[in-house]
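To start, the structure itself, in structure tokens.
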Amino acid sequence: MAVIWRGNTQDRLYQDTISSGGGNSHKHKDKYKDKEHKHKDHKKDRERDKSKYGNSDHKEFSEKKHREKERIKHEDVSTDRHKDKHKEKDHRKDEIKPKKEKENGFASPHRIKTEPDNDHFYHSPKSLKRQRDNDETEFKPKKIKIENDRVDKKTKKRKQDEDIKPKKTQKNKKGEVADGKKKAKKEPEEKWKWWEEERATDGSKWRFLEHKGPVMAAPYEPLPSKVRFFYDGKQMKLGPEAEEVATFFAKMLDHEYTTKDAFRKNFFKDWRKEMTSEEKSKITDLKKCNFNEMGEYFKAQSEARKAMTKDDKLKIKVENERLLQEYGFCIMDNHKERIANFRIEPPGLFRGRGDHPKMGMLKRRIRPEDIIINCSKDSKHPKPPPGTKWKELRHDNKVTWLVSWTENIQGSIKYIMLNPSSRIKGEKDWQKYETARNLKKCVDRLRNQYREDWKSKEMRIRQRAVALYFIDKLALRAGNEKEEGESADTVGCCSLRVEHINLYPEKDGQEFVVEFDFLGKDSIRYYNKVPVEKRVFKNLQLFMENKQPEDDLFDRLNTSILNKHLQELMDGLTAKVFRTYNASITLQQQLKELTSPDENLPAKILSYNRANRAVAILCNHQRAPPKTFEKSMQNLQTKIDAKKDQLSDAKRDVKICGCDWLKKAVERLEEQLMKLEVQATDREENKQIALGTSKLNYLDPRISVAWCKKWGIPIEKIYNKTQREKFAWAIDMAEDDYEF
DNA sequence: GCTCGAACTTAGAAGGGGTGGG
DNA sequence: CCCACCCCTTCTAAGTTCGAGC
């Protein structure tokens, strides 16, 4: 799937989205060309850079150099500070006052106007204007109310599973839940409103947990003997172990992965480990392996599956449903809760994202002996498959997982946990948005603070402050450091390197422009040109002085330092809270801005999607265009071209004859053409931007619920079933006047 | 302070199934 | 009714955070 190089489209994209301009078709074509081009160039650069700089000796060396530099820098810094001094002084007085008020709550934000102006300051990428929020006073009571509810309402601890009945849900008695072997189909009579209950305060995540354990991966079924494998043109029968791994590769034959060197190399190495010594001695070159019959066989199988009768399909569906009912739920504290991923991950070839050094490695089959089960001591313990044992049976109620195992590629632990609709996930989610709302209350103070810190005489403070500014303004991720060679080379804010930014004192008529170009999570490219304040710009120049491209931009900073600092500024504050906060506040503002009262329902929904899209752009949520995308765009393009021809013909005819009905026809054609072009633009936008991620993870659902209530929009238009389940708490509790 | 690993959230791809327009 | 397309679900990789141990 490759690194996704969708460069440079953002500006235009954004424009199209927000200003709702219709696109034109040439644009699209050019864009594609552009992308291709970029891709290659960039990659080349990367490779060159790697060979040039990529070793640790060098790193150490430049590290020393930095230390050396440090002294000098400090001198610079202080002179720098002097220079700025007068200018700042007057400001500073103003700024200090509010800070004081802070201590017992929050400063009155309105009075202080420290930022020069919004356009320079908190404007987000692509001119997305995020206004400063200046209306916080009122929620405080509300917030408190929530807290109070939770704390006061129920005084008794939920100690025994037995005596707590969900407040609102009489039907949902313990007896039914615990003994009754789940009537599969029956609707849970009334939904349990966990959000009206008290939360545990002792750090325990549950008091009772019972489940059936995981569903193991299906055992390997050897290929029918008619399906042959050839090595060097000669048929060869593989033993079951080697054959299984071969099928993993055969199933991916159509995938780009199998053309990549790293993938092939890793695969072959691990495959050979599964071979008998005889096989190993024969099979020495992957290029001589012919998996085609195997590949064809699997293709045929999947065709056959598609071609099955309705009846047979139904049977499969029923069987899946049965599995779901049996293994897909657990009982946690009196309630039957859905499990998210109750199947053990089947063996296969590792598919890392981007330029992952381990792609193609064999992800081994997980056996019961690898699996740790977590459940209540006094629950009915899940049974391992006959003749096997679990690795461990554990009763740890300080964690939320039911099952875990260690994966062999990175050596990390995998978990089976509950569905987002569960109490345990929902509470956490709710809490996340409350923390973000707390940030809203003090964000002005924090912003003033880091602006002050840009002037600090300590390098680490300055770096921290500039990094925080990026995290706040651009919604960058924190950016932990990663071990080289273990995964794709991606970065976040704290791990930015000098090579990831360019500074332009002046660009496109704007001053102090920073150009970002790096691969973020999942190797998604982040590309953005942002005008910053002069002081930030100067600081960046300082940070980059005497560094190599591959040196850390913030060499005095990491996520742990940053988060420690944030924690001191506000309880529960970490870097990622800024993303949540900025995403949610942006949605709220965009909704306010874009929704017009007299518009009809589809238009309102369009506005909602546009607001959502603004957030997705802010957070850089992209996806690769589907395989069929180019083709379907071409089809559309053909239609557009045809329409254009028709139109020009019609126009010519009008000139000749000028009769009324011909003029009408021209109008009609023009309209149709416009529609098609808008459709093309829309599709284009939606292919590159993933709205789902922000909707699911960043946008306080109560904002959307309130918006729906306010405008009489059915919630189903905004949230599908899964989403409604996840956000049940918000749907139930938010009123039309909810403010984030 | 720093490193490591456990636990949990966030992420896009893939695939299947539903649906709506021709 | 068929099929393209789009939406939803599933899957699991890739992040962040935090705390233990040194």
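Reminder, nothing fancy here: chain letters follow the sequence lines and each chain counts from 1.
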Exercise. Return the value, rounded to whole Å, for the distance between atom CG of N697(A) and atom C1' of dC8(B).
Key: 12 Å
Quiz prompt | Nucleic acid contacts - residues 400-412 of chain A versus DNA chain C, non-hydrogen atoms under 4.0 Å | solution = Q410(A)
Exercise. Would you indicate what P420(A) reaches in the nucleic acid, counting non-hydrogen atoms under 4.0 angstrom: base, sugar-phosphate, or nothing?
Key: nothing
Self-check item: Nearest listed nucleotide, side chain of E345(A), among dT9(C), dA13(C), dA6(B)
Solution: dA13(C)
Quiz item: Want to settle it: does K425(A) or R305(A) sit nearer the 5' end of DNA chain B, counting the closest nucleotide to each?
Solution: K425(A)
Quiz item: Taking only N and O in the side chain of N720(A), is any of them less than 4.0 Å away from OP1 or OP2 of dC8(C)?
Solution: yes
Can I get a per-line list of side-chain donor-acceptor pairs under 3.5 Å for residues 565-573 of chain A, giving both atom names and the distance, sequence neighbours left out?
from    : atom 1 : to      : atom 2 : distance (Å)
H565(A) : ND1    : R464(A) : NE     : 3.3
H565(A) : NE2    : R464(A) : NH2    : 3.1
Q567(A) : OE1    : G572(A) : N      : 3.0

Self-check item: Electrostatic pair E326(A):K212(A) at N-O distance under 4.0 angstrom
Solution: yes
Quiz item: In B/S/- notation, 5' to 3', how is nucleotides 15-22 of chain C contacted by protein heavy atoms closer than 4.0 Å?
Solution: SBBS----
Quiz item: Which residue lies toward the 5' end of DNA chain B, S560(A) or T580(A), if each is placed at its nearest nucleotide?
Solution: S560(A)
Quiz item: Are F516(A) and F470(A) close enough that their ring centres sit under 6.0 Å apart?
Solution: yes
Practice problem: Using a cut-off of strictly less than 4.0 Å, decide whether Y698(A) has a side-chain nitrogen or oxygen near OP1 or OP2 of dA11(B). | Solution: yes
Self-check item: E345(A) and its salt bridge (Lys or Arg N to Asp or Glu O under 4.0 Å) partner, picked from R365(A), R351(A), K363(A)
Solution: K363(A)
Quiz item: Using a cut-off of 4.0 Å on non-hydrogen atoms, how would the nucleic acid contact of F350(A) be classed: base, sugar-phosphate, or nothing?
Solution: sugar-phosphate
Quiz item: Hey, is CD on E483(A) packed in by over 12 heavy atoms from elsewhere, all under 6.0 Å?
Solution: no
Quiz item: Across the strands shown, which category fits K358(A) at heavy-atom distances under 4.0 angstrom: base, sugar-phosphate, nothing?
Solution: nothing
Quiz item: K317(A) near the nucleic acid: base, sugar-phosphate alone, or nothing, with a heavy-atom cut-off under 4.0 Å?
Solution: sugar-phosphate
Self-check item: Side-chain N or O of K313(A) closer than 4.0 Å to phosphate OP1/OP2 of dG17(B)
Solution: no
Practice problem: For K306(A), answer base if it contacts any base atom (sugar-phosphate contacts may also be present), sugar-phosphate if it contacts only those atoms, and nothing otherwise; contact means non-hydrogen atoms under 4.0 Å. | Solution: nothing
Quiz prompt | Verdict with reasoning, T490(A) to K482(A), per side-chain hydrogen bond (donor to acceptor under 3.5 Å, both in side chains) | solution = CA-CA 8 Å; T490(A) 63; K482(A) 307 166 76 184; 2.7 Å; yes
